[in-house]
Amino acid sequence: MTQTQDPRERQRLERYDPVSIEPRWQARWEELGLYKTNLEDRRERFYLLTMYPYPSGDLHIGHWYIKTPTDAIARYQRMHGKNVFLPIGFDAFGLPAENAAIKNKINPRDWTMANIENMRRQLRSMGATFDWDAEVVTADPDYYRWNQWFFLQFLKAGLAYRQKSQVDWCPNDGTLAREQVEGVDRRCWRCGAKVEKRDLDQWYLRVTKYADELLDFSEIEFPDPVRTQQTNWIGRSEGGEIVFETAPSAHHAGGEELRVFTTRPDTLFGATFMVLAPEHPLVGALTAPERRAEVEAYLAGAQVQTEIERMSTDREKTGVALGAEAVNPVNGERIPIFVADYVLGGYGTGAIMAVPAHDERDYAFAEKFGLPIRRVVARPGEEAADLVGAAYIAHSDDEVLVNSGEYDGLSADEGGRRIVAALEARGKGKAAVTYRLRDWLISRQRYWGTPIPIIYCETHGAVPVPEEDLPVRLPDNVDYEGSGVNPLTRDEAFLNVACPIGGEPARRETDTMDTFIDSSWYWYRYLSPRQAGTPFDVDVVESWTPVQQYTGGAEHAVMHLLYAREWTKMMRDIGLVRQNEPWRRVFNQGQILGADGERMSKSRGNVQDPDDLVQKYGADTVRLFLMFMGPWDQGGPWSPSGIGGVYRFLNRVWALSLDPHYREPGDPDAGTLPDGQDEGAARAALRAAAHRTLREVTGDYEAFHFNTMVAKLMELSNTLYRYRGTSVAGGPEWDEAVRLLLLMLAPAAPHITEELWSRRLPAAGQAWSSIHTASWPELDLSAVAESTREVPVQVNGKVRDRIVVASNADAAAVEAAALASPRVRELLAGRTPHRIIQAGGGRLVNLVVRD
RNA sequence: GCCGGAGUGGCGGAAUGGCAGACGCGGCCGACUUAAAAUCGGCCGCCCGAAAGGGCGUGCGGGUUCGAAUCCCGCCUCCGGUACCA
């Protein structure tokens, strides 16, 4: 067994050369069809979905950061015997393609398809187990025709509608959904330009219908921040709708209804004025002739200000009196009506009752315009004198109504309920719920997207394109004039069409759909990507979805992740699927930033190209390094320092597997067992290390704790290294440990493990089979058990000694051993501990002594 | 402002009520080598001490507990989201 050897005489160990190993195995796996999923297979299914990339041209390291651990999950689940489906596709419509087309005068399709081709190559170089047969490219007419089909079904079901409205408009990107406008200064999520307002006829999806249902997360497991963000975005508020009436005046007959929404109906007696949003339809009618000039100037100013700094942080209140009054339904009081842009046209009823004593914004407005402030809610014990002038915004349980007529003395909550009930009896109000969520504006004034299948006819209006005429294809050759104006609007061949109803000359809708529609259902299409006649095979969809696990970035928390839930519910309501949610569980990995801590982008010049790293270290090292960097949900600035450590680790795995008997000339202890260990103990220690690692690594894979998973495999390889060249190296326990190490490492570093595995099998007299078809190893708990254990002993909470006891020692034995320790006796100095605590079943002892 | 997340060695990070700093980077020392690289081994939170050992230490201040990086209260800083939502 023991060999003496002169290293200079040994044949040199073959070098670990990932660049030659990796492409060879990738080709072999493809040849074997190892990752083609048979969707008919009845084994337990595991649909693993990762957000499909936008084909911007190059994969950067951030893509690998999402996809590498996802691939490891797929491989891990396969080793557990599950039928795993891991598809991939491309989010191929969108603005960058169009901008590139304008700049270079090429077709967006050509630009996009060339990028996709490059990204396919890069994705393959990761060694990921994507099932390429399921690939979906959204710019393919066979895909986007179903966007059109869905739109028509939603139209029939009343879930889609057209409306003229003020929309957020980016000078570069055209119409934006509300979610796509970012920040205080209202900038475009995509290009960062200032967003303006425009009045346009637009198509909407009626997603507000699902507001309450979307607040129910019982069937979907989201990271907490995503759930919170969606909840806030939907923004449900309970309160009352109260009907004020306009008062008659010299210029106005009065009696018109002015509805307001409030969350504080209990403060109705404190309403001292009313405010309408600039967009409110009654502003014009209510304005007194002598006020008209000023009001119109204000409205014009508000329009301009939306384009400039209306939302600036100082946000001083502005507004103008209309010269009209409203009647408070609860006490008949007449209060003045103002128009002010701090009231939003799109929320609630676009009008508020202003209660300056109990609302910060109303208070600021009242102060500025010298309007009365009347307290109507008081805390018990507050004197009448305390109530003058100041505002009281807080809302607590023990407050009562004052200055509120018959409701005085009631608790605010109870008073509010009674006020609403009394108004309701008179038809002057009712309990109401309002949401912040708006319907989804899907029209985009862009070429590179799904054409909205509508034809405008002078006789028949907006006519849906008949289903049999789908898809409405994007013309391939369009004329880019170097401007952002949608070229479809001047493409006569596309525009001119006969009305499907009467055959009259008519024109096509030139708007295309928001690309978030493409990404709202692509994983259903993956399951039957070439299905004709329906968007997907419903039986396959029912058996494979909701998706088991979805992985991707948190930046989509209130966009993609909300739109797709809405879409699924709409599909359900037109009878297409039976599920309520698209996915069961979503995980957000962190974001890799550039070395400068900023988002990686070509313009910043901080992009890390994975190809360079793969060339230098191999895909396995890059994969493993990305997993090892830190917790997966954390991300952080990119720094390649440390990648060498991971590369060294793989080299050590290589050396251990191929050359167990080597003795390191630089190590004085090489070839000798650790102090105090005989061969039997060494063998047991090897097995214990391997199985303990297996126990922990299994838990880490399950919890997506890839960084600690790698650390523990490094520890195991360090242990093996300690025994390399000793009498136990190459023995059965050693062999088992190496085997477990390779199996545990296989999901993360698939190439090197496959290479080493394929060399082990013939050595063991077995036929070749891929390590990726092997089963996850079985844990042998008896191997983990040890005969002794170390117990830290604390005195007053500070560790003062460590004692070794038999691993089956009971509490009394541990206590006795602790008290017998010379060090402890010295510290106790004759005192008797008044308390002895053993934590975790004797894992730690704490002796508590009083001074 | 509001909502969410985070703050631990020179650095990435580990430990979620029980031995703080696993694993890795980096640094220092040593071995191997004619030499260098590669490789291998050892040491490295701060302060006192020759050592044994002791004191301090997880953003700051308090608290709960036999015991706190971890739980509670009050702050500070950074990152993400949001922007007058009545």
Side-chain angles (χ1 to χ4, degrees), chain A residues 7-8 181-186 223-229 231-233 235 237 239 260-264 267 275 310-311 313 315 317 340-344 346-349 351-355 358-362 364-365 434-437 554-555 557-558 590-591 593 597 625 628-631 633-637 639-646 648-649 651-652 655 662-670 705 707-715 718 721-722 724 790-799 801-802 823 833-840 843-849:
Chain A
R8 276 162 298 188
V181 180
E182 295 185 331
V184 192
D185 51 352
R186 297 174 45 79
D224 283 345
V226 174
R227 198 171 57 227
T228 314
Q229 276 186 67
T231 302
N232 292 343
W233 189 262
S237 295
V260 303
F261 173 75
T262 178
T263 54
R264 295 290 305 275
T267 63
V275 185
R310 173 172 166 184
M311 299 294 181
T313 35
R315 54 188 190 199
K317 296 282 179 286
D341 65 9
Y342 83 91
V343 174
L344 306 175
Y347 181 77
T349 61
I352 61 158
M353 63 177 208
V355 185
H358 303 291
D359 182 279
E360 226 175 328
R361 297 150 300 178
D362 297 344
F365 192 87
T434 301
Y435 302 88
R436 216 180 88 113
L437 183 73
E555 66 273 19
V558 291
Q591 197 170 30
L593 306 170
F625 177 59
F628 183 56
M629 277 173 57
D633 56 5
Q634 195 174 292
S639 162
S641 78
I643 193 168
V646 172
R648 265 191 286 282
F649 162 63
N651 273 285
R652 284 158 73 95
Y662 181 69
R663 288 205 196 141
E664 175 58 46
D667 178 1
D669 295 329
H705 293 165
N707 56 331
T708 52
M709 177 274 287
V710 176
K712 283 159 195 165
L713 293 179
M714 285 174 166
E715 274 183 90
N718 289 345
Y721 241 66
R722 178 62 191 84
R724 196 180 179 208
E790 197 184 67
V791 179
V793 181
Q794 297 180 332
V795 176
N796 287 341
K798 285 188 203 294
V799 177
D801 197 12
R802 289 157 220 277
R823 197 118 172 77
H834 84 278
R835 240 181 116 181
I836 297 175
I837 289 146
Q838 291 197 26
R843 246 183 23 256
L844 173 144
V845 180
N846 188 13
L847 308 171
V848 186
V849 268

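The sequence lines fix the lettering, A, B, ..., with proteins before strands; numbering per chain opens at 1. Remember, predicted model here, so these are calculated numbers, not experimental data.
Toward the 5′ end of RNA chain B lies the nearest nucleotide of A/T228, the other residue of the pair A/T228 and A/T263 mapping further downstream.
Phosphate contact (OP1/OP2 of B/A14, side-chain N/O of A/N707, threshold under 4.0 Å): present. Between A/R835 and the phosphate of B/C66, there is a side-chain N or O to OP1/OP2 separation shorter than 4.0 Å. Side-chain N/O atoms of A/Y342 include none lying less than 4.0 angstrom from OP1 or OP2 on B/A86. OP1 or OP2 of B/C25 has at least one side-chain nitrogen or oxygen of A/R648 nearer than 4.0 Å. Side-chain N/O atoms of A/K798 include none lying less than 4.0 angstrom from OP1 or OP2 on B/A68. Note on A/R652: every side-chain N or O is 4.0 Å or more away from OP1 and OP2 of B/A38. When the side-chain nitrogen and oxygen atoms of A/N718 are compared with OP1 and OP2 of B/A22, none of them lie within a distance under 4.0 Å.
A straight line from CG of A/N232 to P of B/C2 spans 14 Å, rounded to a whole angstrom. Here B/C84 presents its P atom at 17 Å from CZ of A/F261, a figure rounded to the nearest Å. If you measure from atom CD of A/E664 to atom P of B/C32, you get 11 Å, rounded to the nearest angstrom.
Of the nucleotides present, B/G10 is the one that pairs with B/C25 by Watson-Crick or G-U wobble criteria, both distances under 3.5 Å. The pairing partner recorded for B/A38 is none, the criterion being a Watson-Crick or G-U wobble arrangement whose two distances lie under 3.5 angstrom.
Taking only side-chain atoms of A/P665, from C-beta outward, the nucleotide of B/C32, B/C23, B/G18 with the closest atom is B/C32. Between B/A86, B/G4, B/G12, one nucleotide has an atom nearer to the side chain of A/I352 than all others, and that is B/A86. Each of B/G81, B/C25, B/U82 was ranked by its minimum atom distance to the side chain of A/S641; first place goes to B/C25. Across B/G24, B/G53, B/C84, the shortest atom-to-atom separation from the side chain of A/L344 is found for B/C84. Listed nucleotides B/A15, B/G12, B/A20 differ in distance to A/V799; the shortest reach to its side chain belongs to B/A20. Of the listed nucleotides (B/A86, B/U82, B/G18), B/A86 has the atom at the smallest distance from the side chain of A/S237. When distances run from any side-chain atom of A/T708 to the nucleotides B/G18, B/A14, B/G24, the shortest one goes to B/A14. The A/R823 side chain lies nearest to B/G54 when the options are B/G54, B/C23, B/C84.
For the residue pair A/R835 and A/N846, no side-chain donor N or O sits within less than 3.5 Å of a side-chain acceptor on the partner.
A donor and an acceptor atom never sit less than 3.5 Å apart when one is taken from the side chain of A/K712 and the other from the base of B/C23.
Using a 4.5 Å heavy-atom cutoff, the side chains of A/V848 and A/I837 are in contact.
In B/G9 the base sits syn relative to the sugar, since the glycosidic angle is no further than 90° from 0.
Remark: A/I643 CD1 to A/M629 CE distance equals 10.0 Å, nearest 0.5 Å.
As judged by a 4.0 angstrom heavy-atom cut-off over every strand, A/Y721 is placed among residues touching the sugar-phosphate backbone only. Across all strands, A/Q634 comes closer than 4.0 Å only to sugar-phosphate atoms, never to a base (heavy-atom distances).
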